[in-house]
Amino acid sequence: MYSLNHQHFLQAIIGHWEAIVRQSMGSDFDAHQFLRKADIMRINQGHYHPIHVSQVHQLINLTVNQLHIDGLGLRIAKRLKLQDMGAWGYAMINCQNIKQLLDTGLQFSFVTKDYVDIHIGYDSEWAYITIVDRSEGRSAQHYNIEESLCTTTLA
């Protein structure tokens, strides 16, 4: 079963993926070659047959391994808007504080659940985020999470 919100989010990721790769590699980049390898079938520009998260992960993996685009995942995430996440995004927009936002975000872990477990704990002043890698031998791209969090805006 495919959720329309889930599909909308995955298609937004693929759209941003293609824009970033074209910007990095040039306009003659053949996106169809990578989409085919990940078994993602385009209906027309911006629309695809139903997509599984594993296909998007495979697409990103292929891209990183073959094209070596630094920080590809973070660059895609930077372009995503909360509205790209469908109902989940709209739910997060309506959160009144960071605690509500984090709790709401963790309710929809379909994108990360195969790779990491994310837990949040709170005390009177702080939120503690624990991320446990479950990638089982897959190599994750390294990045500076503090830099990423500091440059993220919640507006």
Side-chain angles (χ1 to χ4, degrees), residues 2-27 29 31 34-35 37-40 42 45-48 50-121 127-155:
Y2 296 93
S3 155
L4 290 178
N5 292 318
H6 186 154
Q7 290 300 302
H8 181 77
F9 181 55
L10 296 176
Q11 290 186 22
I13 290 172
I14 293 173
H16 294 307
W17 163 83
E18 187 167 355
I20 290 166
V21 174
R22 281 197 192 286
Q23 182 180 28
S24 297
M25 304 307 296
S27 59
F29 168 71
F34 282 82
L35 293 170
K37 286 181 181 177
D39 201 26
I40 297 172
R42 187 188 314 243
Q45 190 65 31
H47 300 308
Y48 306 85
I51 305 166
H52 293 280
V53 172
S54 61
Q55 291 171 287
V56 174
H57 286 205
Q58 183 179 5
L59 178 67
I60 302 300
N61 245 356
L62 287 166
T63 307
V64 168
N65 290 334
Q66 292 182 23
L67 302 179
H68 310 287
I69 297 173
D70 189 40
L72 178 61
L74 289 175
R75 290 169 67 183
I76 291 170
K78 187 174 182 179
R79 290 179 179 219
L80 286 169
K81 296 178 175 40
L82 284 176
Q83 294 85 343
D84 289 333
M85 299 176 194
W88 178 33
Y90 286 105
M92 290 193 298
I93 285 172
N94 290 309
C95 292
Q96 296 179 7
N97 55 47
I98 296 291
K99 181 183 184 309
Q100 264 186 358
L101 178 80
L102 294 171
D103 289 340
T104 301
L106 286 179
Q107 291 177 23
F108 301 91
S109 62
F110 62 84
V111 173
T112 61
K113 70 178 179 180
D114 292 338
Y115 297 90
V116 294
D117 286 326
I118 302 173
H119 304 282
I120 300 177
Y128 300 93
I129 301 173
T130 305
I131 302 173
V132 178
D133 182 10
R134 297 182 345 125
S135 59
E136 300 175 17
R138 297 182 197 103
S139 62
Q141 280 196 56
H142 298 286
Y143 59 90
N144 184 337
I145 193 160
E146 290 174 356
E147 178 181 315
S148 301
L149 290 173
C150 290
T151 60
T152 300
T153 60
L154 300 175

Just jot down the side chain to side chain donor-acceptor pair (under 3.5 Å) partners of Q66, sequence neighbours excluded, or say none.
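So Q66 forms no side chain to side chain donor-acceptor pair (under 3.5 Å) with any residue.
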To the nearest 0.5 angstrom, please state how far the [atom1] atom of [X] sits from the [atom2] atom of [Y].
X   : Y   : atom1 : atom2 : answer
L10 : H57 : CG    : NE2   : 8.5 Å
L72 : L59 : CG    : CG    : 8.5 Å
H16 : I76 : NE2   : CD1   : 8.5 Å
I13 : R79 : CD1   : CZ    : 13.5 Å
Q58 : I40 : CD    : CD1   : 8.0 Å
I20 : L67 : CD1   : CG    : 12.5 Å

Test item: D70 and R75 side chains (from C-beta on) under 4.5 Å apart, heavy atoms:
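No - every pair of side-chain heavy atoms lies 4.5 Å or more apart.
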Pair listing, salt bridge (charged side-chain N to carboxylate O under 4.0 Å, His left out) test, anchored in residues 11-25, at least two apart
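Pairs touching residues 11-25 that pass the test: E18-R22, E18-R42.
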Listing request: all salt bridge (charged side-chain N to carboxylate O under 4.0 Å, His left out) pairs with a residue in residues 81-92, at least two apart in sequence or in separate chains.
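Sorted result for residues 81-92: empty, none.
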Using modelled atom types and a 3.5 Å cut-off, is there a donor and acceptor pairing between side-chain atoms of Q23 and backbone atoms of A19?
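Checking the backbone N and O of A19 against the side chain of Q23, no donor-acceptor pair under 3.5 Å is found.
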Hey, what's the ring geometry for W17 with F29, parallel, tilted or perpendicular (30° and 60° as the breaks)?
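W17 vs F29 ring planes: perpendicular.
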